[in-house]
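Worksheet: one structure, shown below.
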Amino acid sequence: KAKDFGRNQAVYFSQTLDTEIKNKVRLEHKLRNAIVNEELKVYLQPQYDATKQKFVWAEALVRWIDKDEGFIPPDKFIAVAEETGLIHELGFVVLRKVCWYMQTYQEQLSAIGIEGIAVNISARQLFAKNFFEQAMAIIGEYQIEPRQIEFEVTESLLMENAKQAVEVMGQFKRQGIKLAMDDFGTGYSSLAYLKHFPIDCVKIDRSFIKDIPEDKLDMELSSAIIAMALKLGLEIVAEGVETQEQSAFIHSQGCRLMQGYYFARPMPIEEVLLLASVKA
Ligand code: C2E
Ligand code: MG
Ligand code: MG
Ligand code: MG
């Protein structure tokens, strides 16, 4: 009967919701422990300059390998960290580690070509009280030049408080920290962002790159994004470049900087230091 079905459905939903909440609480608890016990690792994915034919920069990506569950992808726990406020602690852990890498391995990274590291910053961090002061204090503590650090911010959350975002980003920019708009093209009003936010660089989202050359529309879209960014005098990084063909096309459209498995996967810094700088 329909009524029974409806009731069962409700029971079913409340059970799924219950499991979901339990999973989230469990994940939160585990993540808190992982942060406290210093179990989070920070990998680096080198970025390649197709014109200079060498690596020039790298992006820091947090890695969590749990003793029981193994590799837990950031897409699974960053959202939980944002919801629970753990993102603040996590963000400082990553920034500290990056500054330590720069301080300790500066010469070796530079010999490969890598002059700086990009750090992903959640809009939640950007909006937190004293984030600017705390971040600058860490950068200062490790005696890192601000121009060796870039903050990547994803456009989707920024509009919640665009005015404040512009303000805090401006503070960093005046210190010489570079700013990138991450996952560009996936938000709702990308063009407005470009006009208002004090950014140096846009990162073309992987979704525009991954089906090149089969998807002709994606080819048109990515070259339009590149043309626009070039006109605005912004740097452009193509994300998720996996093939020689994709690299050649993107480069032919005027984008020099590439990040993707074709050039290098995210890896521990020890492996980055073993990289040869030139890829044929
Ligand atoms: P993102 O910042 O857009 O980072 C790029 C993602 O694309 C990374 O996923 C990277 O491993 C992946 N990737 C790079 N090249 C390729 C490729 O050629 N093919 C494919 N299929 N994927 C590629 P990852 O490491 O899983 O991170 C996912 C997202 O989690 C990041 O996206 C970023 O938004 C977030 N994230 C990672 N680390 C941090 C962090 O320390 N703090 C914050 N707030 N967010 C982070
Ligand atoms: Mg990023
Ligand atoms: Mg991205
Ligand atoms: Mg992303």
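These numbers come from the heavy atoms of this one structure, side chains and all, not from hydrogens, waters or symmetry mates. Being a predicted model, the structure only gives us computed values, none of them experimental. Numbering of ligands and ligand atoms starts at 1, following listing order.
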Can you tell which of Ile87, Asp66, Leu31, Leu86 makes a side chain to side chain contact (heavy atoms under 4.5 Å, CB included) with Phe77? Leu31

The Mg ion (ligand 3) is nearest to which N, O or S atom of Asp183? OD1

With a 6.0 Å cut-off on the ring centroids, do Tyr142 and Tyr101 count as close? no

Do Lys76's NZ or CZ and the ring of Trp64 fall within the cation-pi criteria of under 6.0 Å and 45°? no

Can Pro266 be said to touch ligand 1, with heavy atoms closer than 4.0 Å? yes

So between Lys97, Lys76, Gln45, Glu242, whose heavy atom ends up nearest atom 19 (N) of ligand 1? Glu242

The one among Ile209, Val93, Asn120 that brings a heavy atom closest to atom 42 (N) of ligand 1: Asn120

Flag Val94 as yes when one of its N or O atoms lies below 3.5 Å from any N or O atom of ligand 1, and as no otherwise. no

List every atom of ligand 1 that sits less than 4.0 Å from any heavy atom of Pro74, numbering the atoms from 1 in the order shown and giving each element. 24 (P), 25 (O), 26 (O), 27 (O), 30 (O), 37 (C)

Verify, without hydrogens or angle tests, whether Gln246 (side chain) and Thr243 (backbone) share a donor-acceptor contact under 3.5 angstrom. yes

Please find the N/O/S atom of Glu59 nearest to the Mg ion (ligand 2) and write down its name. OE2

Measure from the Mg ion (ligand 2) to every N/O/S atom of Asp182 and report the name of the nearest one. OD2

